[in-house]
Trainee: 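Would you mind keeping the following structure in view while I ask a few things?
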Amino acid sequence: MEHWKFDIAIRSGNGIHTFDGDTYTEDGADPRDLAQGALSELLRRRPELGDGQVVRCDYTQVR
């Protein structure tokens, strides 16, 4: 099991929205896949951010 911290920032018409947290995955997860999945889920939950620009999307493995 791998532990990851994520940090996402999206610039939208009314400012910059930031999101952070932790996630756990099976061994061998690709951080690019994690980032894509997190952005998809975030935009599903907050569709008003869909017209925004992603300015940061970082995943860091916690060891």
Side-chain angles (χ1 to χ4, degrees):
M1 177 92 32
E2 294 176 332
H3 179 195
W4 297 84
K5 289 197 170 282
F6 65 88
D7 183 27
I8 299 171
I10 298 176
R11 180 180 294 125
S12 186
N14 58 352
I16 295 178
H17 305 269
T18 60
F19 308 90
D20 61 7
D22 296 272
T23 189
Y24 294 87
T25 65
E26 297 299 320
D27 292 342
D30 185 339
R32 293 172 294 193
D33 292 339
L34 295 173
Q36 181 69 29
L39 285 171
S40 295
E41 180 65 17
L42 180 60
L43 294 176
R44 185 185 69 75
R45 292 182 182 192
R46 301 277 308 270
E48 70 275 12
L49 297 177
D51 292 334
Q53 176 187 9
V54 176
V55 292
R56 181 177 57 244
C57 186
D58 296 324
Y59 264 78
T60 305
Q61 188 173 9
V62 178
R63 300 196 184 257

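Note: hydrogens, waters and symmetry copies are ignored here, and every other heavy atom, side chains too, is used. By convention here, the first residue in the shown sequence is residue 1.
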Trainee: What I'd like to find out is whether the side chain of Thr18 reaches to under 4.5 Å of the side chain of Asp20, using heavy atoms alone.
Mentor: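 Side chain of Thr18 against side chain of Asp20, heavy atoms only: no contact under 4.5 Å found.
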
Trainee: Any chance you could measure Met1, atom CE, to Thr25, atom OG1, to the nearest 0.5 Å?
Mentor: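 Reported to 0.5 Å precision, the distance equals 7.5 Å.
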
Trainee: Do any N or O atoms from the side chain of Asp22 and from the backbone of Lys5 form a donor-acceptor pair under 3.5 angstrom?
Mentor: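 Pair absent, no side-chain N/O of Asp22 close to backbone of Lys5.
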
Trainee: Between Leu49 and Phe19, is there a side-chain heavy-atom distance shorter than 4.5 Å?
Mentor: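 Touching, per the 4.5 Å side-chain cut-off.
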
Trainee: Drop me the distance from Glu41's CD to Arg46's CZ, to the nearest 0.5 angstrom.
Mentor: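 It comes to 13.0 Å.
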
Trainee: Once you round to the nearest 0.5 Å, how far does CD1 of Ile10 lie from CG of Leu43?
Mentor: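 One finds 5.0 Å between CD1 of Ile10 and CG of Leu43.
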
Trainee: Looking only at non-hydrogen atoms, find the nearest pair between Pro31 and Tyr59 and report the distance.
Mentor: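 In this case the closest contact between Pro31 and Tyr59 is CB-CB, 4.1 Å.
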
Trainee: Out of curiosity, does Val54 fall in the hydrophobic cluster containing Leu42 (side-chain heavy atoms, cut-off under 4.5 Å, transitive links)?
Mentor: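 Leu42 and Val54: one cluster.
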
Trainee: I'd like to check Glu48 versus Ser12 (side-chain heavy atoms, cut-off strictly below 4.5 Å). Are they in contact?
Mentor: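 Counting from C-beta outward, Glu48 and Ser12 never come under 4.5 Å.
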
Trainee: Answer whether the closest heavy-atom distance between the side chains of Phe6 and Leu34 falls below 4.5 Å.
Mentor: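 They are not in contact (no side-chain heavy atoms under 4.5 Å apart), so the answer is no.
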
Trainee: CG of Asp51: more than 12 outside heavy atoms within 6.0 angstrom?
Mentor: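 Counting neighbours around CG of Asp51, 12 or fewer heavy atoms of other residues, nucleotides or ligands fall under 6.0 Å, so no.
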
Trainee: Can you tell me if CD on Glu26 sees more than 12 non-hydrogen neighbours from other groups inside 6.0 Å?
Mentor: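 12 or below, so no.
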
Trainee: Got more than 12 heavy atoms from elsewhere within 6.0 Å of CZ, Arg56?
Mentor: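 Yes - once you tally the heavy atoms of other residues, nucleotides and ligands closer than 6.0 Å, there are more than 12.
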
